[in-house]
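Reading through the structure tokens given below for one structure.
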2 protein chains.
Amino acid sequence: MNAKAKAAPKIEPLSTRQQIIEYSADMLRANGFEGFSYLDISRHLGITKASVHHHFPKKVDLGLALCDWTQDWFEQGISHFDAKATSNWNKLERYVRAAMKHSLNEQKLCPISAFYSDLNKLPDSIKERVKALDDYELDWVTQVMQDGIENNEFTANQNPRALASLFIFSCKGALYYARLHGKDLFQQTMKQFEHLIKP
Amino acid sequence: MNAKAKAAPKIEPLSTRQQIIEYSADMLRANGFEGFSYLDISRHLGITKASVHHHFPKKVDLGLALCDWTQDWFEQGISHFDAKATSNWNKLERYVRAAMKHSLNEQKLCPISAFYSDLNKLPDSIKERVKALDDYELDWVTQVMQDGIENNEFTANQNPRALASLFIFSCKGALYYARLHGKDLFQQTMKQFEHLIKP
DNA sequence: CTCAGCCTACCTACTGGTAGGTAGGCTGGT
DNA sequence: ACCAGCCTACCTACCAGTAGGTAGGCTGAG
């Protein structure tokens with residue numbers, strides 16, 4: 001009985017609620033929070049709009065669930081980078097590679113950027129969550145910079161957080177550019193950053 | 001007659017078409033291209049939606065007019081920076097100051113960023129224009145970097161375009177962040193960039 | 001007369017949402 | 001075993017307002 005239960009989770013289909021979240025996360029990252037609707041979701045999943053409302057009564061409820069989703073997604077990504085990386089720079093390389101893969105191969109933006117696109121239309125509850133997600137990401141990269149500076153992997157720097165900021169935002173911005181122009185400048189930009197911070 | 005015509009331009013009200021463009025530019029920079037409608041415009045200007053359609057039959061027509069507007073806006077900005085600046089770094093400082101003023105004081109994003117927010121929903125004709133606007137901006141900053149490198153204002157660098165990319169995208173990204181978190185990290189990020197490229 | 005610029009009235013399709021309902025499953029009391 | 005009560009999950013039908021857009025008409029300046 002217990003052995004049977006253990007084997008089952010792998011095969012179990014996603015609940016409707018989880019399907020809604022996963023699809024919404026894709027849409028968020030493709031078109032932003034205002035760029036998809038309950039009708040889109042219902043059509044994609046083959047259920048009615050009212051059923052979507054059943055699980056997420058208002059769109060802000062869905063938005064908050066997407067913030068939870070983003071937090072989990074970050075946590076998983078970061079664990080993976082921390083576990084697999086061979087150096088601090090390699091952590092950043094993995095971050096960049098993942099971001100590039102999502103953006104250029106899958107047309108999926110960073111979820112935080114996607115929320116920012118519609119910042120003026122977001123309710124305060126979502127803004128607060130986005131703010132926290134921002135800092136979650138920035139804290140991790142700041143720590144990577146700090147560690148890299150301390151072990152002399154990166155040149156001495158008095159402000160690892162500003163360095164992290166430079167890294168994250170140029171990476172994301174160059175990925176936006178790459179969507180229209182190709183990935184060449186993106187790669188050069190990341191190489192440039194490496195050149196500027198390594199001895 | 002000629003003297004009378006010369007004195008008049010200062011007092012002349014904007015044409016309805018120009019009013020539509022100006023207001024649309026504000027809306028583009030606040031909410032993105034998909035984030036405002038002909039109804040919004042008509043309500044703001046006190047005309048009907050059909051009148052807006054008269055001037056811009058389809059939204060893509062308005063979008064292209066906004067690309068023209070953005071080109072002019074860039075040209076004016078760049079002329080001003082080139083005319084007033086006391087060094088290459090000062091050109092970049094003026095760019096940053098202007099961007100910060102627009103973003104934080106007036107809640108107006110860079111129009112290019114605003115178009116990118118809705119990239120997946122833009123018709124190809126607008127995408128081509130956005131692509132050209134991107135390169136117009138990047139070309140100018142690249143030239144500033146090149147000049148700065150050549151006159152030893154900035155440290156030697158083999159790739160001024162990638163440096164320009166790092167500058168522009170980190171500036172814009174940090175301004176997004178600043179909208180939720182305040183301008184502190186934005187300023188530190190720009191200071192960090194200065195620190196990294198100056199001898 | 002012509003026509004740019006505006007209007008009213010209308011269209012289809014969509015937006016987030018509401019109200020009332022059905023169906024199937026679970027649970028605990030009898 | 002039966003079943004009332006409850007729950008979850010879905011449905012149909014509807015709401016008010018809005019999205020980009022169309023068709024036909026009026027008006028005043030040139």
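Chain naming here is simple, since letters A, B, ... match the order of the sequence lines and numbering starts at 1 in each.
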Rounded interatomic separation in angstrom, taking [atom1] from [X] and [atom2] from [N]:
X     : N      : atom1 : atom2 : answer
B:H55 : C:dC6  : NE2   : C1'   : 8 Å
A:N31 : C:dT15 : CG    : C1'   : 15 Å
A:Q19 : D:dC10 : CD    : C1'   : 13 Å
A:L45 : D:dC11 : CG    : C1'   : 16 Å

D:dC10 phosphate, OP1 or OP2: any side-chain N/O from A:T16 under 4.0 angstrom? yes
Report yes if a side-chain nitrogen or oxygen of A:S51 is closer than 4.0 Å to either non-bridging phosphate oxygen (OP1 or OP2) of D:dA9; otherwise report no. no
Could you write nucleotides 13-29 of chain D as a row of B, S and -, 5' to 3', where a protein heavy atom under 4.0 Å of any base atom gives B, of only sugar-phosphate atoms gives S, and otherwise -? -----SSBBBB------
How would you list, by chain and number, every residue that makes a side chain to side chain contact (heavy atoms under 4.5 Å, CB included) with [X], sequence neighbours excluded?
X      : answer
B:D26  : B:K108
B:Q143 : B:Q146, B:D147
A:A178 : A:L104, A:F186
A:S125 : A:V60, A:L64, A:P123

Quick one about B:Q192 and B:Q188 (side-chain donor to acceptor, distance below 3.5 Å, no hydrogens or angles considered), yes or no? no
Throw together a table of side-chain donor-acceptor distances under 3.5 angstrom for residues 89-101 of chain A, partners on residues two or more places apart or in other chains.
residue, atom, partner, partner atom, Å
A:W89, NE1, A:E93, OE2, 3.4
A:W89, NE1, A:E194, OE2, 3.3
A:N90, OD1, A:T86, N, 3.2
A:N90, OD1, A:R94, NE, 2.9
A:N90, ND2, A:E93, OE1, 3.2
A:K91, NZ, A:D82, OD1, 3.2
A:Y95, OH, A:E137, OE2, 2.7

